[in-house]
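Have a look at the structure below, then the notes.
Any value given below was found using the heavy atoms of this structure, including those in side chains, with hydrogens, waters and symmetry copies removed. Residue numbers start from 1 in every chain, and the chains themselves are labelled A, B, ... in the order their sequence lines are given, proteins ahead of strands.
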Protein chains: 2
Amino acid sequence: MPSSNDTPKEEPPGISSRDQAPSGAAPSAQAAGRGSTDPARPGDDTRLALITAAIGLFGKKGFDATSTREIASAANANLASIAYHFGGKDGLRLACADSVAGRIQAVVGPVLRDFDPGDDPALAQSGMESVVMSMADFLLGRAEARDIAAFVLSEMTKPGVVLDRIYEDFFKTVHAALCRLLGLATGQDPESDLIRIGTFSIVGQVVYFRIGHAIVARRMGWETVGPVEIDAIKSVLLGNIRAFVTANRKTSK
Amino acid sequence: MPSSNDTPKEEPPGISSRDQAPSGAAPSAQAAGRGSTDPARPGDDTRLALITAAIGLFGKKGFDATSTREIASAANANLASIAYHFGGKDGLRLACADSVAGRIQAVVGPVLRDFDPGDDPALAQSGMESVVMSMADFLLGRAEARDIAAFVLSEMTKPGVVLDRIYEDFFKTVHAALCRLLGLATGQDPESDLIRIGTFSIVGQVVYFRIGHAIVARRMGWETVGPVEIDAIKSVLLGNIRAFVTANRKTSK
DNA sequence: CAGTATAAATCAATCGATTGATTAATACTG
DNA sequence: CAGTATTAATCAATCGATTGATTTATACTG
């Protein structure tokens, strides 16, 4: 038995590198539902169940308020499986960040990539509007999205590895794409302070209605935030986007 | 030993009712720095130190991630003093909410109360603008305000007694006052959905730049968020307010 | 295909450390 | 001295992590 046992034991899978989308042109079916064909390793069930349960609990109660026993119980898994699959609670948090970033990227990525406004400002504006409206639907509407959003937002305030990853994988790309649209719609430089900050101010509104939805609902006299209430919010958001474009449209010169 | 020991023990001071601003026309010096004159009970030093330390730690690390020992140590107080003064960790959280609500109310309350735009839309708009600009300065600028804001925002997501109190003491009043101004500026009904949601969308932008300041700074290439960067944000926010008023101004009719 | 060896994954049980809370004794103050 | 306030010490409970054993799935061999 050698004494220089530097590596912990036998390196459980996926504690140091990314877990999903392992290589460049990987089979995209891995992150999705249930790959019954090829790369369905037996432990992936537990992996996914743990991540799903953790995102929900982290979003609802916060990271520190959620115990590993709670997560394992919600995922119908054993307590030790967290350490086995993710190296520990922090590894699970990171895996949740990857999962969230990957899922959102899978939804919003193709839309932003395939949508080419050319040089048509009106088309760019309508693209911007539809993206923001989709964001609002996602953040305010679906119950599963609430957990994801709450998890991301809880990680947004505290700097760390999770924030780095979410930023690189999601925020940077999406924000830059939106700046392209808004810049084209207004005729401004997409990377100007006005457009970059303006884009933040627009998406910030959507985010706020998720964070403060309890306060908003109370002030509005809403018992729940259903489709009708979401439409009311979206109506104002849409007006704000158009007001921004109108107010900041560069005169032809 | 009696068996029907319903009341916990001997009811330490201030676990059930409000502690600060006990009556209506209370001396406003109590919440402020150091009342060396009259109602300075000996234990108030520890009380205030605990609340201050707790707000800072709750804001920075979150409620659940902050231990009572950490708070007591930061406040140079004994661990048991938390239970003595506030009945427990949850009581301290509630006292923090009271303190925050009281302090903000003391700052923003008189401004909103004494400012009477009459029926001048232009005056109402400039009032709205200055209030939002002050909010931005407070939330983005001062370091002490960051803890307060972070504490409030961390409590905003999870319903509970703290949220109730903050809402009643702060959000409801301020939001209604802002709606008056925005309604007058646009000529719309201050309690219409448009104005109420629109007001949320405006203050939501300010809040977002506090929550997402790490992401914003990274995307903008800012190393720190100093006065220059705050001015850049405020410039866009000001433009958004004016764009909202312009876009939603009711034609005289 | 049968039989064995290896690896991956799950399991119950337990570890030391830390949590919030509580106690009894002491110090301060008017 | 009486009441308020602070202190050190201790409580049961729970935390994240780890262990060794066990089960399950895959690979190898003849």
Interatomic distance where CD1 belongs to A:I82 and P belongs to D:dT18 [whole Å]: 13 Å
Which nucleotide in the set D:dT19, D:dA8, C:dA9 lies at the smallest distance from any side-chain heavy atom of A:A80? D:dT19
Distance, rounded to the nearest Å, where B:Y84 contributes OH and C:dA27 contributes P: 17 Å
Does a side-chain N or O from B:T46 land closer than 4.0 Å to OP1 or OP2 of D:dT6, or not? yes
If you measure from OG1 on B:T173 to OH on B:Y167, what distance do you get to the nearest 0.5 Å? 9.0 Å
Which sits closer to the 5' end of DNA chain C, A:N76 or B:N78, going by the nucleotide each is nearest to? A:N76
Nearest of D:dG16, C:dT19, C:dA8 to any side-chain atom of B:S67? C:dT19
Atom CZ of A:F63 and atom C1' of D:dC15: how far apart are they, to the nearest Å? 12 Å
What is the separation between atom CZ on B:R47 and atom C1' on D:dT6, rounded to the nearest whole Å? 15 Å
So, does B:S81 get its side chain near the phosphate of D:dT6, meaning an N or O under 4.0 Å from OP1 or OP2? no
What I want to find out is whether A:K234 reaches A:D137 closely enough, with some N-O distance under 4.0 Å, to be called a salt bridge. yes
Specify the separation, in whole Å, of atom CG of B:L48 and atom C1' of D:dA5. 16 Å
B:R69 side chain: which of D:dG16, C:dA21, C:dA9 is closest? C:dA21
Closer than 4.0 Å, any side-chain N/O of A:H85 to the OP1 or OP2 of C:dA8? no
At 4.0 Å (heavy atoms only), tell me whether B:L79 reaches a base, stays on the sugar-phosphate, or touches nothing. base
Any side-chain heavy atom of B:V100 sitting closer than 4.5 Å to one from B:F170? no
Take the protein atom CG of B:L92 and the nucleotide atom P of C:dT19, then report the distance between them rounded to whole Å. 15 Å
Is the terminal nitrogen or CZ of B:R219 (NZ for Lys, CZ for Arg) located under 6.0 angstrom from the six-membered ring centre of A:F200 and within 45° of that ring's axis? no
Within the structure provided, determine whether A:K158 and B:K61 are in side-chain contact (heavy-atom separation under 4.5 Å). no
Would you mind telling me which of D:dT6, C:dT10, D:dA17 lies closest to the side-chain atoms of A:K89? D:dA17
Between C1' on D:dA5 and CZ on B:F86, what's the gap in Å once rounded to a whole number? 13 Å
Can you measure B:L57 atom CG to C:dT19 atom C1' for me and round it to whole angstrom units? 16 Å
